[in-house]
Q: 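What follows is a structure written as structure tokens; I'll ask about it next.
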Protein chains: 2
Amino acid sequence: MSRGTGSGSTSEARARLLGTATRIFYAEGIHSVGVDRIIAEAQVTRATLYRHFSGKEELVLAYLDQADRGIRAQVASAQAEDAPAADRIRAVSRSITEGIRSPGFRGCAFLNAVAEYPDPAHPIHQAVLAHRQWFLDTVTELLAEAGHTPAGAAGRHLVMLRDGAMAEGCLFDPELVSETFLQAVEGLLRARPASTGRK
Amino acid sequence: MSRGTGSGSTSEARARLLGTATRIFYAEGIHSVGVDRIIAEAQVTRATLYRHFSGKEELVLAYLDQADRGIRAQVASAQAEDAPAADRIRAVSRSITEGIRSPGFRGCAFLNAVAEYPDPAHPIHQAVLAHRQWFLDTVTELLAEAGHTPAGAAGRHLVMLRDGAMAEGCLFDPELVSETFLQAVEGLLRARPASTGRK
DNA sequence: GTCACAAGAGACCGAACGTTCTCCCCCGCA
DNA sequence: TGCGGGGGAGAACGTTCGGTCTCTTGTGAC
């Protein structure tokens with residue numbers, strides 16, 4: 001049917017492939033789904049997959065890269081507001097709980113992926129580490145701007161809360177998890193609220 | 001070699017099997033290791049595996065059951081001290097950081113397993129949920145004893161910190177993760193330290 | 001002594017895995 | 001008009017998967 005003109009420079013079949021892979025990998029894991037499933041649901045042939053990706057691993061990396069871009073965009077838009085740093089942290093935290101509350105939430109794509117690729121030398125593992133480092137740096141900078149004197153410790157604390165919330169989000173009641181997370185973040189912000197710091 | 005008398009009622013081959021499975025599943029994940037690897041390293045034959053377990057799934061359940069018993073014992077011994085509830089929470093927290101700091105730490109066996117078995121109806125997923133419910137109940141009870149009036153919220157907060165710390169433990173510097181976790185726990189205990197409660 | 005049974009050794013199964021291959025069609029472009 | 005590339009269709013590759021099978025051996029209980 002609607003074949004389309006195929007005008008896209010990166011091809012429409014590739015987009016369908018990546019979209020399907022993203023959906024299935026996130027929902028069901030990586031090792032437990034074969035390329036047969038993906039090409040069937042993407043309505044693409046085997047040859048098409050291997051024309052666009054060197055193999056399953058590259059497809060997984062593309063999946064994580066897409067997730068990374070999505071989260072960066074989400075954090076950027078939450079951070080875009082012209083508001084005090086503490087409020088921007090609250091905005092980022094709220095965007096996290098929105099994810100947790102959304103239907104089909106299945107935890108952090110990166111934590112899930114790294115559970116399946118424990119080898120630190122593996123490209124997929126390293127992609128996860130790179131994403132996590134970016135996130136830690138981002139929230140640490142934000143907390144420093146908010147006046148948290150040991151911003152590093154506060155950043156690690158916030159990331160730890162986020163990791164716990166993301167991991168639990170699909171195991172406990174998402175509403176309770178979100179509420180607990182936001183309260184914990186408020187506690188963290190309250191711990192050193194001084195805008196000037198007390199040195 | 002040292003064949004032993006085989007006096008164990010649960011057989012020595014079974015113990016070797018379970019021990020090997022535990023080591024490999026924890027270190028490398030579940031889906032990515034086949035039964036061939038396990039029987040080879042346990043030095044048993046295929047038939048022996050299927051004489052003691054109905055299949056791979058039952059072996060995984062036995063692995064998680066063993067991990068569950070280990071953690072319950074660990075928490076029980078940390079809790080055994082005749083000390084104030086808050087100090088027993090600190091003892092449990094310290095036992096968690098000992099795990100994180102120990103060589104070969106690869107995160108929470110249950111969080112790792114559930115990342116590979118997202119289907120809530122799957123027996124392995126349910127085993128994880130059961131373990132987590134026990135842990136939540138245990139720490140909530142402990143926090144209630146320590147005088148935290150909304151003990152439920154405090155328990156969820158503590159479990160969230162634990163989940164984050166366990167997830168990060170093999171992704172960041174374990175020392176920093178442990179330090180961050182213990183400081184966060186102190187902050188949590190400080191939030192409502194009243195032994196009588198203020199109702 | 002013999003009987004039962006745990007365990008070893010290894011062949012074997014069908015299915016699924018990731019991957020490569022050939023063949024053909026269709027469409028834009030020169 | 002010819003050409004090339006993206007895509008569809010599907011056969012086939014070798015490997016590994018989880019699981020079942022037969023046969024043999026050692027050994028403790030009766």
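Each chain gets a letter, A, B and so on, in the order the sequences are listed, and its residues count up from 1.
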Q: Side-chain donor-acceptor pair under 3.5 Å between B/Glu28 and B/Ser32, yes or no?
A: no
Q: Of the nucleotides D/dG7, C/dT20, D/dT22, which one has an atom closest to the side chain of A/Tyr50?
A: C/dT20
Q: Can you check the A/Arg37 CZ to C/dC17 C1' distance for me, whole Å?
A: 14 Å
Q: For A/Thr48 and D/dG8, is the shortest distance between a side-chain N/O and OP1 or OP2 below 4.0 Å?
A: yes
Q: Are A/His157 and B/Phe181, when compared by the centres of their aromatic rings, separated by less than 6.0 Å?
A: no
Q: Picking from D/dC21, D/dA9, C/dT19, which would you name as closest to the side chain of B/Ala47?
A: D/dC21
Q: Which nucleotide in the list C/dT19, C/dG8, D/dG18 gets nearest to the side chain of A/Val35?
A: C/dT19
Q: Just how far is it from atom CD of B/Glu58 to atom NE2 of B/His52, taken to the nearest 0.5 Å?
A: 11.5 Å
Q: Identify, between A/Arg51 and A/His31, the residue whose nearest nucleotide on DNA chain C lies closer to the 5' end.
A: A/His31
Q: Minimum heavy-atom separation for A/Ala115 and B/Ala115, please, with both atom names.
A: CB-CB, 3.8 Å
Q: What is the distance, rounded to the nearest whole Å, between atom CZ of A/Phe53 and atom P of D/dG6?
A: 14 Å
Q: Tell me: CZ of B/Arg16 to C1' of C/dG8, nearest whole Å?
A: 10 Å
Q: Does D/dG6 have its OP1 or OP2 closer than 4.0 Å to a side-chain nitrogen or oxygen of A/His52?
A: no
Q: Take the protein atom CG of A/Leu59 and the nucleotide atom P of C/dT19, then report the distance between them rounded to whole Å.
A: 10 Å
Q: Can you check the A/Asp36 CG to D/dA9 C1' distance for me, whole Å?
A: 14 Å
Q: Please state how far atom CG in A/Leu49 lies from atom P in D/dG10, giving the value in whole angstrom units.
A: 17 Å
Q: Tell me the interatomic distance from B/Arg14, atom CZ, to C/dC5, atom C1', rounded to whole angstroms.
A: 17 Å
Q: What I want to check is whether the side chains of A/Asp119 and A/His125 have a donor and an acceptor closer together than 3.5 Å.
A: no
Q: Between C/dA7, C/dT19, D/dG6, which nucleotide has the shortest distance from any of its atoms to the side chain of B/Ala13?
A: C/dA7
Q: Given atom CD1 of A/Ile39 and atom P of C/dC21, what is their separation to the nearest angstrom?
A: 17 Å
Q: Side chain of A/Arg46, base of D/dG10: donor and acceptor closer than 3.5 Å?
A: no
